[in-house]
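Just below is one structure, and these are the notes that go with it.
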Amino acid sequence: MGVPAVARKEHAKLAADLREHDYRYYVLADPRITDDAYDALFRRLLQLEDTHPELRAHDSPSQRVGGSVTRDFPTVTHATPMLSLANTYSAADVADFDRRVRELLEGRAPRYHCELKLDGVAFTLHYRDGVLAAGATRGDGQSGDDITANLRTIRALPLRIRETVPGVDEFEARGEAYMRKDAFRALNAQREADGEKLFANPRNSTAGTLKMQDSALVAARQIDAAMYTLIAKNSGIGSQKDAMSALARMGFPVNGHSRVCDSLEEVMAYCEEWEWRRDELPYDIDGVVIKVDSFNDQDILGSISRSPRWAIAYKFSARTATTVLRGVTFQVGRTGAVTPVAELEPVLLAGSTIRRATLHNEDFMRDLDLHKGDTVVVEKGGDVIPKVSSVELARRPADSEGIRFTGTCPACDTRLVRPEGVAAWFCENPACPEQIRSRLEHFASRRAMDIDGLGESVVDALVTNGFVRTPADLYALAEHAGAMAALVRFGERKVSKLLAGIERSKKQRFDRVLFAIGIRFVGEGVAKLLAGRFPSFEHVANATVQEMEAVSGIGPVISASVKRFFEDEQALALVAQLLSRGVAGSPVADGGQVPIPFFDGKTFVLTGTLGKYTRDEAKAVIERCGGTVTGSVSSRTDYVLAGAEAGSKLDKARTLGVEVLTEEDFIAALPSD
Ligand code: IVH
């Protein structure tokens with residue numbers, strides 16, 4: 001009794017469609033149908049398989065829901081050992097690795113393939129005739145657990161590949177299973193509600209999930225995967241980059257942030273970029289993997305014991321440390337905002353010694369309920385400045401004092417005010433010496449006017465001795481050279497060096513001057529955007545709010561703040577004085593183009609519909625930041641910016657391994673402060 005041809009045909013069509021939808025949803029993150037429509041197709045497939053069990057093939061989409069229960073996972077020996085990587089923690093270690101590689105390649109400079117080091121659990125999959133046959137954990141590298149039933153439930157992994165590599169009917173694909181941060185948070189929230197023990201981090205929850213005995217429970221968890229190794233005889237594939245592209249074409253998920261690097265400098269730039277950007281990702285990474293790209297070179301380099309000589313892991317430094325709180329001081333910023341600062345026993349954190357950490361504001365400080373002598377956890381997160389993230393209450397010294405927020409300015413004793421709806425307390429005394437000092441320090445800082453010889457202590461001496469009150473006063477200092485030189489610890493050489501630095505700063509670009517004068521919400525990036533469109537003080541001061549908002553990247557908050565600044569008498573007096581003393585700012589180069597490293601020299605392709613920009617606007621922004629926009633995706637494309645309903649260009653980007661940016665990624669990369 002066979003299955004009727006119509007049923008067989010319908011089943012085949014449904015299976016193919018569901019496979020395609022899984023791929024679009026889980027690998028490309030670009031679904032084409034609603035969840036309801038998907039469910040309807042899926043139900044129909046199950047119905048057909050119930051009626052005709054012969055249709056329930058091993059690679060049918062129905063075979064992902066799990067159900068098999070394994071008491072003890074059988075052990076399987078890996079045909080090719082699953083190596084691990086030597087770890088390095090510094091640029092010097094990476095340079096050593098590069099040197100060793102070059103030596104073994106007899107002086108030849110290798111090409112490197114740099115990848116994110118996903119913080120998950122390694123696994124391997126075995127495919128025969130395009131169909132998933134078995135899957136296992138890494139185990140000790142020689143043999144692991146057969147967790148095929150559990151791995152089948154990971155929807156991003158193809159049960160049948162989309163495209164075959166000519167000449168390859170059997171291969172292994174290896175990669176990392178991981179859990180996205182949002183899935184992890186949701187899982188823990190559910191466990192908390194159910195009174196179950198919480199997982200410490202996404203990696204632990206992934207490891208725990210893959211070892212569950214009931215694969216139906218695994219199927220209910222959202223596990224993701226990304227592949228980074230292809231082992232296939234006679235594939236003709238000669239490099240890691242091509243292997244990743246082949247994996248993508250076969251329908252495997254591969255991470256889109258890999259980069260080919262032709263020098264140690266490029267490798268380090270990649271490591272630094274991701275150490276800096278890691279918090280932007282929706283999943284955890286704990287470093288970068290640097291691989292020699294050419295398989296031929298990999299063979300020449302070989303392996304020692306359990307790790308290859310052709311690859312290395314650059315691990316990011318740990319970002320939390322524990323130390324003792326000595327006390328809290330209060331710092332007055334250039335706007336008058338008063339910030340509490342934790343004074344700590346010095347501790348090493350992410351490569352530097354930390355003595356102080358921010359406590360943000362009164363509310364943050366109160367929530368921590370800090371006491372003198374507390375043991376605190378300091379954390380270096382996405383922000384540059386470390387912060388105190390928690391207190392170890394169990395280690396609080398007996399009868400230690402609680403620490404309260406200050407009521408008066410630590411510099412001038414003025415009563416602080418906290419405006420309605422704002423988290424900060426302000427010192428509103430315009431003559432507050434600390435504010436004057438902070439404004440001058442900002443004005444002189446490296447990224448603003450970059451005045452040599454005008455550091456913290458010199459600013460302090462100049463303000464304390466009444467030589468300077470506003471940034472414009474700096475440009476009249478030459479008249480007081482004699483008096484300044486008479487100051488203890490100043491001396492003539494120091495004075496002439498300082499005056500030369502001040503004189504030189506008159507030639508700074510206009511965007512730097514605009515940033516230096518300290519307009520609220522005008523950081524470096526916004527200053528560049530403004531200066532690109534309004535090339536002088538006169539232009540900016542006369543710009544209407546509408547004209548400013550016509551510049552991409554400038555919204556109502558910024559434009560209102562700029563407007564307010566140029567209506568303020570003191571600010572206008574400062575600008576007039578700067579102008580009369582020869583500080584007008586030199587023109588911004590390139591007819592308004594302001595190169596931003598992320599965009600500069602890069603090639604972009606736009607696809608789909610963006611929410612906040614028309615295509616022309618996005619193009620203009622990219623070009624102003626130094627990038628180029630082209631019409632089609634090729635291996636020379638650096639980024640594809642994909643909006644809603646992106647089509648074949650997005651597919652092509654995935655296939656070629658070109659980095660895909662969402663509109664949020666794009667906006668995040670834009671200069672704004
Ligand atoms: S390659 C011989 N690439 O890091 C090279 N590993 O100690 C084998 N990992 O066990 C690994 N992301 O769990 C490689 N892009 C990546 C990776 C990666 C994460 C993990 C993997 C491996 C460990 C290396």
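Because only heavy atoms are used, hydrogens play no part in the values below, and waters and symmetry mates are left out as well, while side chains stay in. Just so you know, ligand 1 is whichever comes first in the structure, and atom 1 is the first atom listed for that ligand.
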Subject >> Stepwise side-chain contact (heavy atoms from CB on, under 4.5 Å) check, Val260 with Arg111 >> reply: CA-CA 7 Å; Val260 166; Arg111 160 168 286 191; 3.4 Å; yes

Subject >> Phe666/Phe598 under ring-ring contact (aromatic ring centres under 6.0 Å, His included): CA gap, chis, key distance, verdict >> reply: CA-CA 10 Å; Phe666 173 66; Phe598 180 84; 8.5 Å; no

Original post:
Going through the checks in order, is the salt bridge (charged side-chain N to carboxylate O under 4.0 Å, His left out) test met by Arg64 and Asp22?
Top reply: CA-CA 11 Å; Arg64 286 199 186 274; Asp22 277 345; 3.6 Å; yes

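Under a 3.5 Å cut-off, the side chain of Arg160 and the backbone N or O of Ala16 do not form any donor-acceptor pair. Put simply, the side chain of Arg654 gets close to the backbone of Leu28: a donor and an acceptor are under 3.5 Å apart.
Of all heavy-atom pairs between Arg24 and Asp651, the closest is NH2-OD1, 3.4 Å.
The six-membered or imidazole ring of Tyr127 lies near that of Phe252, with a centre-to-centre distance under 6.0 Å. Between Phe604 and Phe599, the ring centre distance stays below 6.0 Å.
Against a heavy-atom cut-off of under 4.0 Å, Glu176 is close to the following atoms of ligand 1: 9 (N), 13 (O), 19 (C), 20 (C), 21 (C). Remark: ligand 1 atoms within the under-4.0 Å shell around heavy atoms of Ser84 are 7 (O). Near Leu83, with a cut-off below 4.0 Å to any heavy atom, the atoms of ligand 1 are 2 (C), 8 (C). Listed by number with element, the atoms of ligand 1 under 4.0 Å from a non-hydrogen atom of Pro308 are 2 (C).
Within the structure, the closest approach of Ala311 to ligand 1 does not fall below 4.0 Å when heavy atoms are considered. Under the 4.0 angstrom criterion for non-hydrogen atoms, Lys291 is in contact with ligand 1.
Taking only non-hydrogen atoms, the option from Met227, Glu115, Arg138, Arg174 nearest to atom 10 (O) of ligand 1 is Arg138. Across the listed options Phe123, Tyr228, Tyr178, Tyr228 owns the non-hydrogen atom lying nearest to atom 18 (C) of ligand 1.
Contact annotation: for Leu116 versus ligand 1, heavy atoms closer than 4.0 Å belong to the backbone alone. Contacts between Val289 and ligand 1 below 4.0 angstrom, taking non-hydrogen atoms only, involve the side chain exclusively.
For atom 5 (C) of ligand 1, the closest non-hydrogen atom of the protein is Leu85 CD2, 3.6 Å. For atom 23 (C) of ligand 1, the nearest non-hydrogen atom of the protein is Lys117 NZ, 3.9 Å. For atom 12 (N) of ligand 1, the nearest protein heavy atom (residue, atom name, distance) is Leu118 N, 3.1 Å.
Between Met250 and Met227 there is no side-chain heavy-atom pair separated by less than 4.5 Å.
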